[in-house]
Trainee: 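Take this structure first; my questions come after.
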Amino acid sequence: MPMMSFKSDGIRVEETVRVKICELRNLPARSSGSPKSRSAYCALNLDQEQIYTTAVVKNNLNPYFGAETQFEVPRQFRFLNVYVYDKNDPAPNGTVNGALGKVAIAKKDLQKFGGKDQVTHQRKTSLYL
């Protein structure tokens, strides 16, 4: 996953990032309300700027997204973040920015993930990238 860089001779090189968001496993059930399952979606951010969201997968604790996006890197950034949200629970207590979970990948580490399937665990919930 290449990044935008600038050469010393003033030539600007624009590069792209491609991300696949496959599935989540073992989302915690809702503690109250109906239904107990989640209507989950993922948001992809460069630092705090949201650049992509998946479709909502309704009423499922193991949602499959099968989402893929590719974009030009618009600016310098520190982290590529994947947030997991429940459409029916926009700001649950004790969460990060209303999210059920977050995976943060430092810009310098993105090259390690190129062309490989990754499983990222958040407590007992798994996010397959």
Trainee: Does a side-chain heavy-atom distance below 4.5 Å link Leu110 with Lys112?
Mentor: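 When only atoms from C-beta onward are counted, Lys112 and Leu110 do not touch, as no gap falls below 4.5 Å.
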Trainee: I want to check something: taking the side chain as every heavy atom from C-beta on, are Val84 and Leu24 in contact at a cut-off of under 4.5 Å?
Mentor: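 Result yes, sub-4.5 Å side-chain heavy-atom pair found.
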Trainee: To the nearest 0.5 Å, what is the distance between CG (Leu46) and CD1 (Ile51)?
Mentor: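 Reported to 0.5 Å precision, the distance equals 4.0 Å.
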Trainee: Show your reasoning for whether side-chain contact (heavy atoms from CB on, under 4.5 Å) applies to Asn88 and Arg30.
Mentor: CA-CA 10 Å; Asn88 299 322; Arg30 293 172 59 86; 3.8 Å; yes
Trainee: Quick one: list whatever passes ring-ring contact (aromatic ring centres under 6.0 Å, His included) with Tyr52, sequence neighbours left out.
Mentor: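 Residues passing ring-ring contact (aromatic ring centres under 6.0 Å, His included) with Tyr52: none at all.
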Trainee: Testing the basics here: between Asn81 and Lys102, what is the closest heavy-atom pair and its distance to 0.1 Å?
Mentor: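 Minimum heavy-atom separation between Asn81 and Lys102: OD1-CE, 3.3 Å.
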Trainee: Hey, are the side chains of Leu44 and Phe71 touching, using non-hydrogen atoms and a 4.5 Å cut-off?
Mentor: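 Side-chain contact under 4.5 Å: yes.
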Trainee: Shortest non-hydrogen contact from Gln76 to Asp47?
Mentor: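 So the minimum-distance heavy-atom pair works out to O-OD2, 4.4 Å.
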Trainee: Give a yes or no on whether Val17 and Val103 share a hydrophobic cluster (residues Ile, Leu, Val, Met, Phe, Trp, Tyr; joining criterion: side-chain heavy atoms under 4.5 Å apart).
Mentor: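 They do share one cluster, since a chain of ILVMFWY contacts under 4.5 Å joins Val17 to Val103.
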Trainee: Identify all side-chain donor-acceptor contacts of residues 60-68 below 3.5 Å with residues at least two apart in sequence or on another chain.
Mentor:
from, atom 1, to, atom 2, distance (Å)
Asn60, OD1, Asn62, N, 2.6
Asn62, OD1, Asn26, N, 2.7

Trainee: Once you round to the nearest 0.5 Å, how far does OG1 of Thr54 lie from OH of Tyr41?
Mentor: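 Going from the OG1 atom of Thr54 to the OH atom of Tyr41 covers 8.5 Å.
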Trainee: Ignoring hydrogens and geometry, is there a side-chain-to-backbone donor-acceptor pair from Ser39 to Lys87 under 3.5 Å?
Mentor: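 Pair absent, no side-chain N/O of Ser39 close to backbone of Lys87.
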Trainee: Report yes if some heavy atom in the side chain of Leu100 is under 4.5 Å from a heavy atom in the side chain of Tyr85; otherwise report no.
Mentor: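 A side-chain contact is absent here, since even the closest heavy-atom pair is not under 4.5 Å.
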Trainee: Charged N to carboxylate O below 4.0 Å: is that the case for Arg38 and Asp86?
Mentor: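 Asp86 and Arg38: salt-bridged.
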